[in-house]
Peer 1: 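One structure, pasted below without further comment.
Please read all numbers here as calculations on a predicted model, not as lab measurements. Letters go in sequence order (proteins before strands), and every chain restarts at 1.
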Amino acid sequence: MWLPVFGLILGVVLGLLTDVTVPAEYASYLSIAVLAALDTLFGGIRAHLQRNYDEIVFVTGFFFNIILAASLAFLGVHLGVDLYLAAVFAFGVRLFQNIAVIRRILLQKWTSVKEK
Amino acid sequence: MAKHKVYFNFTLVMIIIGFMFAIQYQSSNRAQSKDTRTIWELRQDLLKSQELHQTLLNEIEHYESKLKQYEINDFDSKITLNKTNSDLRLTAGLSEVYGEGILITVNPVFIGSAELQAYPILTADLLTRLINQINKSITAAISVGDERIILTSPIRDVNEQLYVNHQPLPSLPIEIKVIGKNAKILMNSNRLSPIIDEFIIENLEVTLEYRSYLKLPAYYGPLFVNYIEVVENIRSD
């Protein structure tokens, strides 16, 4: 369990150390990509808890969602329509749904352990 | 084994997410400091930087030549040291100064009115502001009455009497002598007009006269350098 958390910290440290920045115009793409990545992550955690986890689905979903979200934002900028809102809405809703399912499963596990 | 693989995948994904977070954070922090100067302001800033550059180059040249002089034999270096010493004393105001300059005379003005008018007095505040305005316009040696003004000269009002360098000034009229390379600028332009107006409000008349020869006394008072520190990175604003 601690390994993914350690991975997060490692990623943050690496990012801060490398001093890489994205130009201001593309910052919105990056933020939507982060949202897509978070959605995929929580989807993966939910699948793992429900024993539905498929490695290939998870990994491809991760990169596909990021590319899709960034593409939608890019398209929206050039069409003059805020298409990134669609991605924000969709990923946001899925994120909350996944978190809710995860919470329910964890609570069930905890109560069953407590009963034993 | 499968569980380890799952955790490994999650860890990789978390690393990528953490990396993206960090980049996003750095980008948003950088984006806040925007340069919104207009082209005119940029030109002015460039000009100031160039002037500073030139000043620094001149200073470097001056000190390098001094250094060369020190590196010659002992006798010459003594002469150079003495010269440096006298130059520094001159800059600090510790020696007399002669040259062309401006004589500023502050006279009382009496309005013919029915009410009795108090004798106009020159306050420390007014004198300080006049001296500051002169220093803002040109590099000059200034004396007020018989007192030389140096960087640490105290100008105070004590019991309604003006004290400069801990010495009381005589009552009006007071002569302020200014010797500087571009002292004539004070007369020709309107640099001192605002402060002269404030003098008039206090019933004081300020007259400026160009003199081809003025003598400023040296500063003989105590020097307090305990709290003086060297200022780095001076910008001539």
Peer 1: Could you tell me if the side chain of Thr21(A) sits less than 4.5 Å from the side chain of Ile23(B), heavy atoms only?
Peer 2: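 No. Closest side-chain heavy atoms not under 4.5 Å.
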Peer 1: Answer whether the closest heavy-atom distance between the side chains of Ile66(A) and Met20(B) falls below 4.5 Å.
Peer 2: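 They are in side-chain contact.
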Peer 1: Would you mind telling me which of Leu38(A), Val22(A), Val59(A) has the largest number of heavy-atom pairs within less than 4.5 Å of chain B?
Peer 2: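 Top option by heavy-atom pairs under 4.5 Å: Val22(A).
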Peer 1: Answer yes or no: is there a side-chain heavy-atom contact under 4.5 Å between Asn9(B) and Tyr53(A)?
Peer 2: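 They are in contact (side-chain heavy atoms under 4.5 Å apart), so the answer is yes.
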Peer 1: To check you understand the geometry: which heavy-atom pair defines the closest contact between Gln26(B) and Leu16(A), and what is its length?
Peer 2: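 Shortest heavy-atom contact: NE2-O, 3.0 Å.
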Peer 1: Report the option among Leu10(A), Leu41(A), Leu14(A) that has the most heavy-atom pairs separated by less than 4.5 Å from atoms of chain B.
Peer 2: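 Heavy-atom pair counts peak at Leu41(A).
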Peer 1: Side chain, backbone, both or neither: which part of Phe58(A) has a non-hydrogen atom closer than 4.5 Å to chain B?
Peer 2: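 For Phe58(A), the side chain is the part near chain B, not the backbone.
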Peer 1: What do you reckon, is CZ of Phe8(B) surrounded by more than 12 foreign heavy atoms closer than 6.0 Å?
Peer 2: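 No, not enclosed.
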Peer 1: Distance check, rounded to the nearest 0.5 Å: Leu8(A) atom CG versus Phe21(B) atom CZ?
Peer 2: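 Nearest 0.5 Å value for the CG-CZ distance: 7.0 Å.
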Peer 1: From His48(A) NE2 over to Tyr7(B) OH, what is the distance, rounded to the nearest 0.5 angstrom?
Peer 2: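 Going from NE2 on His48(A) over to OH on Tyr7(B), the span is 5.0 Å.
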Peer 1: Taking side chain as everything from C-beta outward and backbone as N, CA, C, O, which of these in Ile9(A) sits under 4.5 Å from a heavy atom of chain B? Side chain, backbone, both or neither.
Peer 2: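 For Ile9(A), no heavy atom lies under 4.5 Å from chain B.
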Peer 1: How close do Ala22(B) and Val12(A) get, counting heavy atoms only, and between which atoms?
Peer 2: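 Looking at all heavy atoms of both residues, the shortest contact is CB-O, 3.4 Å.
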Peer 1: Heavy-atom cut-off 4.5 Å, strictly under: side chain, backbone, both or neither for Leu30(A) against chain B?
Peer 2: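 Contact with chain B is through both the backbone and side chain of Leu30(A).
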Peer 1: What are the two closest heavy atoms between Phe63(A) and Ile16(B), and how far apart are they?
Peer 2: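 Scanning both residues, the minimum pair turns out to be CZ-CD1, 4.3 Å.
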Peer 1: Would you say Leu85(A) has more than 12 foreign heavy atoms packed within less than 6.0 Å of its CG?
Peer 2: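 Counting neighbours around CG of Leu85(A), more than 12 heavy atoms of other residues, nucleotides or ligands fall under 6.0 Å, so yes.
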Peer 1: Could you have a look at Val34(A), Val5(A), Thr18(A) and say which one has the most heavy-atom pairs with chain B under 4.5 angstrom?
Peer 2: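 Looking at each option in turn, the highest pair count goes to Val34(A).
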Peer 1: Side chain from CB out, backbone as N, CA, C, O: work out which of these in Thr40(A) comes under 4.5 Å of a heavy atom of chain B, or both, or neither.
Peer 2: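 Looking at Thr40(A), nothing touches chain B.
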Peer 1: Please check if the number of heavy atoms outside Ile56(A) that lie under 6.0 Å from its CD1 is greater than 12.
Peer 2: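 Counting other residues, nucleotides and ligands, CD1 of Ile56(A) stays at 12 neighbours or fewer.
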Peer 1: Within a 6.0 Å radius of atom CG on Leu46(B), are there more than 12 heavy atoms belonging to other residues, nucleotides or ligands?
Peer 2: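 Enclosed.
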